[in-house]
Amino acid sequence: MLLPRILAPVRASVQIPSTFILPASRVIDALRTANGASAHAPTLSFVRHSAHQAQGRANGAKDGPGKRLGAKKSGGEYVIPGNIIFRQRGTHWFPGENCKFGRDHCIFATESGYVRYYKDPLKHPKRQYIGVALEKDHQLPYPRNAPRARRLGFVAVPVTQTEAEAQVVVNDLQVGEGPGSDSSIMDTPRPAKAVAKAKKGYAFREANWAIGRAAEKANVQVKKFVPGDRWTAWRKSNARIQANIERKKLRNAGKKTAKPKKRQQRA
């Protein structure tokens with residue numbers, strides 16, 4: 001590429017100018033003679049061109065790993081809350097029924113159900129939606145004014161119970177005047193339960209409610225808590241602290257305390 005640029009001044013130097021110049025044996029001497037003798041002789045100039053672009057994708061194309069975009073669940077597939085249905089860059093698909101957007105525009109399910117890919121002209125004429133149908137035979141989008149199925153973890157069961165069966169009659173319990181009386185519900189005798197103990201077989205013990213009533217049956221009296229006067233309590237406490245300080249001073253009065261040594265100035 002540089003050969004024509006070098007030969008051009010050489011040819012010009014070989015030609016005899018208006019002032020007679022003896023030909024030189026070396027090319028460099030000829031170039032110097034031509035440049036110095038004639039004002040019209042071309043000058044030798046070189047331009048440095050880079051081998052490749054300084055920066056950008058042309059300077060070594062990047063070929064990183066794929067980001068695994070696309071559909072993760074097909075239409076009709078069962079999903080649970082949190083399952084990612086579609087990964088994308090941008091908004092090619094929008095979340096529909098029982099779905100939401102992730103921060104990277106991925107679409108994930110918020111309810112358990114079956115995946116549906118559909119369009120909803122009532123929301124947008126061109127957008128594509130991904131939703132989750134609660135039942136396998138449901139079609140999306142749901143009718144606009146239809147009642148929504150609420151997912152509370154319950155299963156709809158028809159009620160066939162009569163009023164007579166619904167009434168609960170308890171004959172064993174007795175309603176007494178209060179706790180501690182002979183007719184109290186708490187004091188009604190109940191059989192002890194067999195409770196398993198680690199590595200020691202089974203042993204009979206009282207029920208928890210009976211253990212909790214043991215103090216009442218034993219007629220244990222507890223003093224009633226009285227808050228009292230907090231101002232008086234603070235004064236007594238402060239007086240007690242001051243008395244302890246005075247007692248400590250009297251105890252240490254006869255003892256000699258070592259005087260602190262004077263600091264010597266450094267030379």
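Quick caveat, the model's predicted, so the values are computed rather than measured.
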Distance in Å, R127 CZ paired with T91 OG1, rounded so as to fall on 0.5 Å steps:
7.0 Å

Between N219 and Q221, is there a side-chain donor-acceptor contact under 3.5 Å, judged purely by atom types and distance?
yes

CZ (R235) and CG (D229) are apart, to the nearest 0.5 Å, by 7.5 Å

Heavy-atom donor-acceptor pair, Q242 side chain to A239 backbone, under 3.5 Å:
no

Shortest non-hydrogen contact from G76 to Y114?
O-CD2, 3.5 Å

Each residue besides I245 in its hydrophobic cluster should be listed here, by chain and number; the cluster joins Ile, Leu, Val, Met, Phe, Trp and Tyr at side-chain heavy-atom distances under 4.5 Å.
I241

Any side-chain heavy atom of F108 sitting closer than 4.5 Å to one from K100?
yes

Residues A71 and Y117: closest non-hydrogen pair is CB-OH, 3.8 Å

Here the gap from D104 atom CG to R89 atom CZ, rounded to the nearest 0.5 Å, amounts to 6.0 Å

Nearest 0.5 angstrom please: R213 CZ to N208 CG, how far?
14.0 Å

What one should report as the nearest heavy-atom pair of V132 and S112 is CG1-C, 4.2 Å

What's the spacing between D120 CG and E97 CD if we round to 0.5 Å?
8.0 Å

I'd like to know if the side chain of N238 reaches the main chain of W234, judged simply by a donor and an acceptor atom lying under 3.5 Å from each other, with no hydrogens or angles considered.
no

Under 6.0 Å from the six-membered ring centre of Y129 and within 45° of its axis: does the NZ or CZ of K123 meet both?
yes

Could you tell me which residues satisfy ring pair (Phe, Tyr, Trp, His ring centres under 6.0 Å) with H138, sequence neighbours excluded, listed by chain and number?
Y142

Hey, what else clusters with F225 if you join Ile, Leu, Val, Met, Phe, Trp, Tyr whenever side-chain heavy atoms sit under 4.5 Å?
none

If you group Ile, Leu, Val, Met, Phe, Trp and Tyr by side-chain heavy-atom gaps below 4.5 Å, do F101 and V115 land in one group?
yes

ILVMFWY clustering at 4.5 Å (side-chain atoms), partners of L122:
none

Residue pair R87 / K72, side-chain heavy-atom distance below 4.5 Å
yes

Considering all heavy atoms, the nearest C99-T110 contact
N-OG1, 3.7 Å

Across all chains, not counting sequence neighbours, the side chain to side chain contact (heavy atoms under 4.5 Å, CB included) partners of K119 are Q128

Count the heavy atoms of every other residue, nucleotide or ligand shown that sit under 6.0 Å from CG of N145, and state whether that count exceeds 12.
no

Is it true that a side-chain atom of R48 and a backbone atom of F46 form a donor plus acceptor pair closer than 3.5 Å?
no

Which hydrophobic side chains are connected to L250, either touching it within the sub-4.5 Å cutoff or through other members that do?
none

Gap between atom CD1 of I130 and atom CH2 of W93 - 0.5 Å precision:
5.5 Å

Please determine whether side-chain contact (heavy atoms from CB on, under 4.5 Å) holds for the pair I107 and I84, giving the CA-CA distance in whole Å, both sets of side-chain angles, and the decisive distance to 0.1 Å.
CA-CA 6 Å; I107 298 176; I84 294 176; over 6 Å; no

